[in-house]
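Remarks on the structure that follows.
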Amino acid sequence: MAAPGAIVAFLEGEGPDGVGRTLFDVLAMNNVALEQTHDYIQWLFPLPEPSRAVPDAPVLTDDEVEAIRVSGMAQIALAAATDRMQAFYRMTHDWLMPNDHNHLRITRIIRSLRLLVGDAQADAFKADILSRVETTRAPVSARSRGYWATA
């Protein structure tokens with residue numbers, strides 16, 4: 001488990017994630033690295049419950065949620081992370097299938113944005129994802145779409 005306050009420091013650009021990367025290192029990852037690396041999304045888009053995929057990922061406390069909500073730097077980081085992941089999902093297509101690990105990432109992103117930034121940003125990200133699915137006629141499962149709808 002991440003040290004208390006580590007996620008706030010990471011999102012403010014002041015501390016590393018669990019393997020020593022900075023926010024800027026993660027945002028600079030290319031699409032192949034984003035696809036193949038499985039321990040960054042929990043840092044970019046944290047939640048108040050443990051990750052089943054990455055047990056050492058941060059788990060937000062109520063105090064950290066509030067600190068992130070009021071931190072200008074953390075809000076900028078979340079906006080940059082959202083932009084980066086939107087670009088990733090626009091430029092890649094391997095996730096446009098019935099089931100894919102990226103579907104879980106998308107659910108996490110929507111939930112984290114709703115908690116830490118607001119409904120408008122969460123809904124805009126979700127709309128962008130659904131638009132990509134619809135325009136490509138991707139066979140994304142009803143189950144994944146359902147998770148996104150309720151995130």
Side-chain angles (χ1 to χ4, degrees), residues 1-2 6-8 10-11 13 16-62 64-66 68-69 71 73-151:
M1 176 108 40
I7 189 62
V8 176
F10 175 79
L11 288 173
D17 68 6
V19 296
R21 295 173 299 222
T22 68
L23 170 69
F24 310 103
D25 294 333
V26 175
L27 293 176
M29 292 168 71
N30 65 33
N31 288 340
V32 172
L34 289 177
E35 176 61 29
Q36 294 178 350
T37 307
H38 299 282
D39 60 357
Y40 68 88
I41 202 77
Q42 298 84 0
W43 286 84
L44 287 182
F45 298 99
L47 291 172
E49 59 266 350
S51 167
R52 290 187 291 180
V54 181
D56 294 337
V59 177
L60 287 175
T61 65
D62 291 342
E64 288 168 327
V65 169
E66 186 56 31
I68 291 166
R69 285 180 182 163
S71 168
M73 291 304 296
Q75 292 298 304
I76 290 167
L78 287 164
T82 302
D83 289 347
R84 180 64 188 101
M85 294 311 294
Q86 281 178 313
F88 172 76
Y89 290 121
R90 285 186 197 124
M91 293 185 285
T92 62
H93 61 273
D94 290 344
W95 64 277
L96 294 166
M97 57 181 53
N99 297 295
D100 185 78
H101 69 100
N102 279 291
H103 298 185
L104 296 172
R105 289 178 176 178
I106 290 166
T107 302
R108 169 180 278 277
I109 293 167
I110 296 167
R111 290 187 61 228
S112 182
L113 288 173
R114 194 168 308 287
L115 176 66
L116 299 174
V117 183
D119 291 337
Q121 293 82 353
D123 291 340
F125 183 84
K126 177 172 56 177
D128 196 52
I129 292 296
L130 290 173
S131 174
R132 177 92 162 101
V133 169
E134 290 166 16
T135 58
T136 61
R137 297 181 178 201
V140 172
S141 71
R143 183 177 183 174
S144 289
R145 290 177 191 234
Y147 285 132
W148 301 342
T150 60

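Because only heavy atoms are used, hydrogens play no part in the values below, and waters and symmetry mates are left out as well, while side chains stay in.
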Subject >> Residue pair Tyr40, Asp17: steps toward the side-chain hydrogen bond (donor to acceptor under 3.5 Å, both in side chains) verdict >> reply: CA-CA 8 Å; Tyr40 68 88; Asp17 68 6; over 6 Å; no

Original post:
Do Arg21 and Thr37 pass the side chain to side chain contact (heavy atoms under 4.5 Å, CB included) test, and can you show the C-alpha distance, the side-chain angles, and the key distance before you say yes or no?
Top reply: CA-CA 12 Å; Arg21 295 173 299 222; Thr37 307; 3.4 Å; yes

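A donor-acceptor pair under 3.5 Å is formed between the side chain of Ser112 and the backbone N or O of Pro46. The main-chain N or O of Ala33 is found under 3.5 Å from a side-chain atom of Asn30 such that the two form a donor-acceptor pair. Looking at Thr92, its side chain never comes within 3.5 Å of a backbone N or O of Asp94 through a donor-acceptor pair. Checked by atom type and distance alone, the side chain of Thr135 pairs as donor or acceptor with a backbone atom of Ser131 at under 3.5 Å. The main-chain N or O of Leu115 is found under 3.5 Å from a side-chain atom of Arg69 such that the two form a donor-acceptor pair. Using a distance-only test at 3.5 Å, with no hydrogens or angles considered, no donor-acceptor pair links the side chain of Arg108 to the main chain of Ile41.
Nearest approach of Ala77 to Leu23, heavy atoms of both residues: CB-CD2, 3.4 Å. Smallest separation of non-hydrogen atoms from Ser144 and Asn99: OG-OD1, 4.4 Å. Taking both residues in full, the closest heavy atoms of Arg145 and Ala138 are given as NH2-O, 3.6 Å, listed atom of the first, atom of the second, then distance. Annotation for Leu116 and Gln75: closest pair O-NE2, 3.1 Å, computed over non-hydrogen atoms. Closest of all the heavy-atom pairs between Ala151 and Arg114 is O-NE, 2.9 Å. Between Tyr89 and Arg132, the shortest heavy-atom contact is O-NE, 2.9 Å.
Atoms CG and CZ, on Asp83 and Phe125 in that order, are 10.5 Å from each other to the nearest 0.5 Å. A distance of 11.0 Å separates CD1 of Ile109 from CG of Leu104, quoted to the nearest 0.5 Å. Note that CD1 of Ile129 and CH2 of Trp95 are 4.5 Å apart. Values are rounded to the nearest 0.5 Å. Between the CZ atom in Arg84 and the CG atom in Leu44 there is a gap of 10.0 Å [rounded to 0.5 Å]. The OG1 atom of Thr82 lies 4.0 Å from the CG atom of Leu113; values are rounded to the nearest 0.5 Å. Note that OG1 of Thr107 and CZ of Arg105 are 12.0 Å apart. Values are rounded to the nearest 0.5 Å.
With no hydrogens or angles considered, a side-chain donor-acceptor pair links Glu35 and Asn102 at under 3.5 Å.
The side-chain heavy atoms of Phe45 and Arg111, taken from C-beta on, include no pair separated by under 4.5 Å.
Counting non-hydrogen atoms of other residues, nucleotides and ligands closer than 6.0 Å to OH of Tyr147 gives a total of 12 or fewer. Under a cut-off of 6.0 angstrom, the local environment of NE2 in His101 is crowded, with over 12 non-hydrogen atoms contributed by other residues, nucleotides or ligands.
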